[in-house]
Trainee: 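Please find one structure pasted underneath; my questions will follow.
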2 protein chains.
Amino acid sequence: MPTATDPQLAAFVAAFDDFVRAAKRARARVEPDAALTTSQYDLLAPLLDADDAPLGLRELARAAGVSAPTATRMIDGLALRGTVTRERAADDRRAVRIALTADGRAAVLEHRERLLARRRALFDHLSPGDRRSAAKVLARLAAAYEEIDA
Amino acid sequence: MPTATDPQLAAFVAAFDDFVRAAKRARARVEPDAALTTSQYDLLAPLLDADDAPLGLRELARAAGVSAPTATRMIDGLALRGTVTRERAADDRRAVRIALTADGRAAVLEHRERLLARRRALFDHLSPGDRRSAAKVLARLAAAYEEIDA
DNA sequence: TATTGTTATACTCTATAACTATA
DNA sequence: TATAGTTATAGAGTATAACAATA
């Protein structure tokens, strides 16, 4: 297997690895004192974007990229702690409507603000030139991911 | 709270989010049929870099960024499945020496090759110009992470 | 005393398969 | 039959606190 002899590829791979490791360490440092875990935030964030209109369990699961049973279990815990409410829908008795409580909304907003602050701090640490290219490169990489297994 | 009115910052944040989401989806797609999970690979990779010289549990835990009990539990499972061996050290009877079996070495190498192939594919999907800036940007971002909470 | 590792305990995240209730 | 959700079951990853053995 002809492996990375291309120095440009080698540099890319090394930088990518460093980036992934740094991001992982950073996540570990941020999470412990947060009210929500990353997975919980990913599950609930759509409720914020939906202007707090209640959404179905399947909808949340799909958006977060987890299975329905996983979402059920997560919502179990979040409902117990008063982060969300879960009610049977009146019009379709199979469905449930999940909504944020006031506390839940505050927690999700706080997490979002925390994420934004971190990205802002990263941005601030870049040189003006790097700032310009960073957004472009990250967008291209995201697109490349999708193309790879499409 | 004065949030992202800077359009350049807004673009950066959006691209960063897209990238994180794409990477998460990609990981979910790659892991199911892999012999090792990401966490297991992170724990065992140093053994490959150490030329298969046995390492201590604490050493592996620290490198992987997990607690010692977590590493113990992970090694329990990996030893049961024949991925690693765990032996009390002769010179320091408190310590254990963890080493890859032949199967384990193959699994770690295979995982590394899988990661490399994915990065190579990403690299290939970039334009020549983006390739040049990608390595630089990722390296700068990794450095920025470290500076943020240093 | 300090270090290395393990046990005890407890939670979260995760999935597949099987099930219930409703449409 | 198809859809929404839950339960049953199982396993990995994670941590803190308490402990044992050795240095």
Side-chain angles (χ1 to χ4, degrees), chain A residues 24-46 54-81 83-99 107 111, chain B residues 24-46 54-81 83-99 107 111:
Chain A
K24 184 185 177 182
R25 271 197 299 270
R27 180 161 38 86
R29 267 187 309 253
V30 170
E31 268 196 14
D33 50 300
L36 298 174
T37 65
T38 299
S39 296
Q40 288 169 339
Y41 173 75
D42 288 344
L43 187 69
L44 301 183
L55 299 176
L57 186 117
R58 221 116 187 156
E59 224 166 334
L60 294 182
R62 199 167 348 100
V66 299
S67 68
T70 294
T72 290
R73 170 161 303 203
M74 289 176 77
I75 294 295
D76 285 348
L78 291 164
L80 257 181
R81 279 189 285 156
T83 305
V84 299
T85 57
R86 166 165 49 182
E87 283 178 4
R88 220 77 217 185
D91 50 319
D92 182 344
R93 309 269 311 149
R94 295 171 304 181
V96 294
R97 298 280 174 252
I98 294 151
H111 197 103
Chain B
K24 186 186 176 181
R25 273 196 297 270
R27 180 161 39 87
R29 269 187 307 254
V30 169
E31 268 194 16
D33 49 299
L36 298 174
T37 64
T38 299
S39 296
Q40 289 168 339
Y41 172 75
D42 288 344
L43 187 69
L44 301 183
L55 299 177
L57 186 115
R58 220 114 188 156
E59 223 166 335
L60 295 182
R62 200 170 343 102
V66 298
S67 68
T70 293
T72 291
R73 170 164 305 203
M74 290 176 77
I75 293 296
D76 285 347
L78 291 164
L80 257 180
R81 279 189 284 155
T83 306
V84 298
T85 57
R86 166 165 50 181
E87 283 178 4
R88 219 76 217 186
D91 49 320
D92 181 344
R93 308 271 309 150
R94 293 171 306 181
V96 295
R97 298 280 174 251
I98 293 151
H111 198 103

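Residue numbers begin at 1 in each chain, while the letters A, B, ... track the order of the sequences.
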Trainee: Check the distance between C:dT12's C1' and A:Leu43's CG and give it to me in whole angstrom.
Mentor: 13 Å

Trainee: Does B:Ala63 have any side-chain contact (heavy atoms from CB on, under 4.5 Å) partners at least two apart in sequence or in another chain, and if so, which?
Mentor: B:Pro46

Trainee: B:Arg88 CZ to C:dT3 P: how many Å, rounded?
Mentor: 17 Å

Trainee: Whole Å only: how far is the CZ atom of A:Arg27 from the P atom of D:dA15?
Mentor: 11 Å

Trainee: Check whether any side-chain nitrogen or oxygen of A:Thr70 sits under 4.0 Å from OP1 or OP2 of C:dT14, and answer yes or no.
Mentor: no

Trainee: Could you list, one pair per line, each protein nitrogen or oxygen that sits under 3.5 Å from a nitrogen or oxygen of nucleotides 17-23 of chain C, together with the distance?
Mentor:
| from | atom 1 | to | atom 2 | distance (Å) |
| --- | --- | --- | --- | --- |
| C:dA23 | OP1 | A:Arg93 | N | 3.0 |

Trainee: Just how far, in rounded Å, is P of C:dA15 from CG of B:Asp33?
Mentor: 15 Å

Trainee: Apply side-chain hydrogen bond (donor to acceptor under 3.5 Å, both in side chains) to B:Thr70 and list each qualifying residue two or more places apart in sequence or on a separate chain.
Mentor: B:Ser67

Trainee: Which residues pass the side-chain hydrogen bond (donor to acceptor under 3.5 Å, both in side chains) test with A:Thr38, not counting sequence neighbours?
Mentor: A:Glu31

Trainee: Under 4.0 Å from any atom of DNA chain C, heavy atoms only: list the residues of residues 35-42 of chain A that qualify, in numerical order.
Mentor: A:Thr37, A:Ser39, A:Gln40

Trainee: Mind checking what makes side-chain contact (heavy atoms from CB on, under 4.5 Å) contact with A:Arg93, not counting sequence neighbours?
Mentor: A:Arg88

Trainee: Backbone N or O of A:Ala79 within a donor-acceptor pair of the A:Thr83 side chain at under 3.5 Å?
Mentor: no

Trainee: Which is more 5' along DNA chain D, the nucleotide nearest A:Lys24 or the one nearest A:Thr72? Just name the residue.
Mentor: A:Thr72

Trainee: For a 4.5 angstrom cut-off between non-hydrogen side-chain atoms, does A:Thr85 reach A:Leu78?
Mentor: no

Trainee: Checking all strands, does B:Gly77 fall into the base, sugar-phosphate, or nothing category for heavy-atom contacts under 4.0 angstrom?
Mentor: nothing

Trainee: Could I get the full list of side-chain hydrogen bond (donor to acceptor under 3.5 Å, both in side chains) partners for A:Ser39, not counting sequence neighbours?
Mentor: none

Trainee: Using a cut-off of strictly less than 4.0 Å between a heavy atom of the residue and any atom of DNA chain D, enumerate the qualifying residues of residues 57-67 of chain A by number.
Mentor: A:Leu57, A:Arg58

Trainee: What residues form a salt bridge (Lys or Arg N to Asp or Glu O under 4.0 Å) with B:Arg94, not counting sequence neighbours?
Mentor: B:Asp92

Trainee: To the nearest angstrom, how far is A:Arg25 atom CZ from D:dT14 atom C1'?
Mentor: 18 Å

Trainee: With sequence neighbours left out, what residues match A:Ala35 under side-chain contact (heavy atoms from CB on, under 4.5 Å)?
Mentor: A:Ala107

Trainee: Would you say a side-chain N or O of B:Arg86 is under 4.0 Å from OP1 or OP2 of C:dT6?
Mentor: yes

Trainee: With sequence neighbours left out, what residues match B:Arg25 under salt bridge (Lys or Arg N to Asp or Glu O under 4.0 Å)?
Mentor: A:Glu146

Trainee: Between A:Arg73 (CZ) and D:dT6 (P), how many Å, whole number?
Mentor: 12 Å

Trainee: What is the separation between atom CG on B:Leu55 and atom P on C:dT4, rounded to the nearest whole Å?
Mentor: 14 Å

Trainee: List the residues meeting side-chain hydrogen bond (donor to acceptor under 3.5 Å, both in side chains) with A:Arg86, not counting sequence neighbours, and say none if there are none.
Mentor: A:Asp76

Trainee: Provide, to the nearest angstrom, the distance between the CG atom belonging to A:Asp76 and the P atom belonging to D:dG5.
Mentor: 13 Å

Trainee: Indicate yes or no: at least one non-hydrogen side-chain atom of B:Gln40 is less than 4.5 angstrom from one of B:Thr37.
Mentor: yes

